[in-house]
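Structure record follows, encoded as structure tokens.
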Amino acid sequence: MPFLEALYESTHENVHLGVLHGCDVLYLARVTGHRSSDVILRVGNFLPAHSTSIGKALLAYSNPEVVRAVVAAGLPRLTPHTIVMPGLFTQALREVVERGYATNCEEMHRGVVSVAAPVFGPQRVPLAAISITGRAGRLDVHRAAPAVRTAAASLSRSLANVASLTTG
């Protein structure tokens, strides 16, 4: 939570932590405040991985079989901006790896954007992802990306330190 809270304090936007659960993202933590956008998402909610920045951040670094399963399950159109073509989706995942972060530009809900970065465990296995979510036009996902990447990298390092203490 300290990493999510610090990210909220620096952005004043909704901050989420989620994991892959089948073809969906399960939201495990959320930090929000009176200055953040009124985006409705609760801890325990599931959203389709293909249309969320957390889902794309995790899928980009996941085993290819996981990505194939998500594509095989279908990429339903949720808004006019949702990526529904498998080739375009896999290209978007390659771009996530190149940039180090994923975006969602009104793919899940109209007027809502987000940016996410993966949290890694040993051998760069994606464990979770952290995102900032806000209103389109107010949140510039590319400007917010460095803060999200820093939070995710810090949490990854912290987890690695804990793991080394327990195994060393």
Side-chain angles (χ1 to χ4, degrees), residues 1-21 24-62 78-79 81-83 92-93 95-167:
M1 284 305 287
F3 301 98
L4 303 182
E5 291 166 352
L7 186 56
Y8 171 78
E9 286 303 322
S10 69
T11 64
H12 295 287
E13 293 290 355
N14 298 299
V15 177
H16 300 99
L17 176 80
V19 297
L20 278 180
H21 186 270
D24 295 322
V25 171
L26 168 60
Y27 288 83
L28 299 178
R30 178 173 196 233
V31 178
T32 188
H34 68 280
R35 290 179 44 192
S36 56
S37 298
D38 59 344
V39 175
I40 305 297
L41 180 64
R42 291 181 169 72
V43 170
N45 282 161
F46 289 91
L47 293 177
H50 79 283
S51 61
T52 66
S53 61
I54 286 181
K56 289 189 280 184
L58 292 169
L59 289 169
Y61 294 93
S62 291
L78 304 170
T79 74
H81 302 284
T82 308
I83 300 171
L93 296 182
E95 291 170 5
V96 170
V97 173
E98 290 170 12
R99 288 190 310 242
Y101 65 91
T103 61
N104 161 9
C105 296
E106 300 185 72
E107 296 170 54
M108 185 69 217
H109 299 289
R110 287 183 187 203
V112 178
V113 298
S114 65
V115 57
V119 174
F120 293 107
Q123 289 84 42
R124 281 190 61 83
V125 173
L127 301 177
I130 296 174
S131 73
I132 297 175
T133 303
R135 290 285 166 199
R138 187 171 104 182
L139 175 62
D140 181 330
V141 293
H142 299 291
R143 286 190 62 191
V148 176
R149 288 183 66 192
T150 298
S154 297
L155 180 52
S156 296
R157 277 191 303 279
S158 180
L159 293 173
N161 290 339
V162 170
S164 70
L165 290 175
T166 59
T167 60

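Since we're looking at a predicted model, the values are computed, not measured. When a residue number appears, it is its place in the shown sequence, counting from 1.
- Screening His109, Met108, His16, Arg30 against Thr133 for a side chain to side chain contact (heavy atoms under 4.5 Å, CB included) leaves a single residue, His16.
- The structure places CG of Leu28 at 10.0 Å from NE2 of His21, a figure rounded to the nearest 0.5 Å.
- Scanning both residues, Glu106 and Gly111, for their nearest heavy atoms gives OE1-N, 2.7 Å.
- Proximity of His50 to Ile83: side-chain heavy atoms (C-beta onward) are nowhere separated by under 4.5 Å.
- The shortest heavy-atom contact between Pro48 and Asp24 is CA-OD1, 3.5 Å.
- Considering Val148, Thr32, Ile132 as possible partners of Glu13, the one that fulfils the side chain to side chain contact (heavy atoms under 4.5 Å, CB included) test is Ile132.
- At least one donor-acceptor pair under 3.5 Å links the side chain of Thr82 to the backbone N or O of Glu107.
- At least one donor-acceptor pair under 3.5 Å links the side chain of Thr150 to the backbone N or O of Pro146.
- Of all heavy-atom pairs between Pro118 and Gly100, the closest is CD-O, 4.0 Å.
- We find the CG-CG distance between Leu26 and Leu17 to be 9.5 Å, quoted to the nearest 0.5 Å.
- Leu155 CG to Leu7 CG: the interatomic distance, rounded to the nearest 0.5 Å, is 11.0 Å.
- Counting all heavy atoms, side chain and backbone alike, Ile54 lies closest to Gly18 at CD1-N, 3.7 Å.
- Minimum heavy-atom separation, Ala144 to Val115: CB-CG1, 4.0 Å.
- Between the side chains of Asn104 and Thr52, no donor-acceptor pair is found at a separation under 3.5 Å.
- Applying the ring pair (Phe, Tyr, Trp, His ring centres under 6.0 Å) definition to pairs two or more places apart or across chains, those involving residues 110-153 are Tyr61-Phe120, Tyr101-His142.
- The backbone N or O of Cys105 lies less than 3.5 Å from no partner atom in the side chain of Thr103, so there is not a single donor-acceptor pair.
- Side chain of Thr79 to main chain of Arg110: no donor-acceptor pair is present (N/O by atom type, distance under 3.5 Å, no hydrogens or angles).
- Interatomic distance, CG of Leu20 versus CG of Leu127, reported as 11.0 Å (0.5 Å rounding).
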Requested in this report: With side-chain contact (heavy atoms from CB on, under 4.5 Å) as the test, would you mind laying out the steps for Arg135 and Val112 before giving the verdict?
Outcome: CA-CA 5 Å; Arg135 290 285 166 199; Val112 178; 3.5 Å; yes

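- In this structure, Asp140 CG and Arg138 CZ are separated by 13.0 Å, a value rounded to the nearest 0.5 Å.
- Between Leu78 and Ser51, the closest heavy-atom pair is CD1-OG, 3.2 Å.
- Rounding to the nearest 0.5 Å places CG of Leu93 at 10.5 Å from CG of Leu58.
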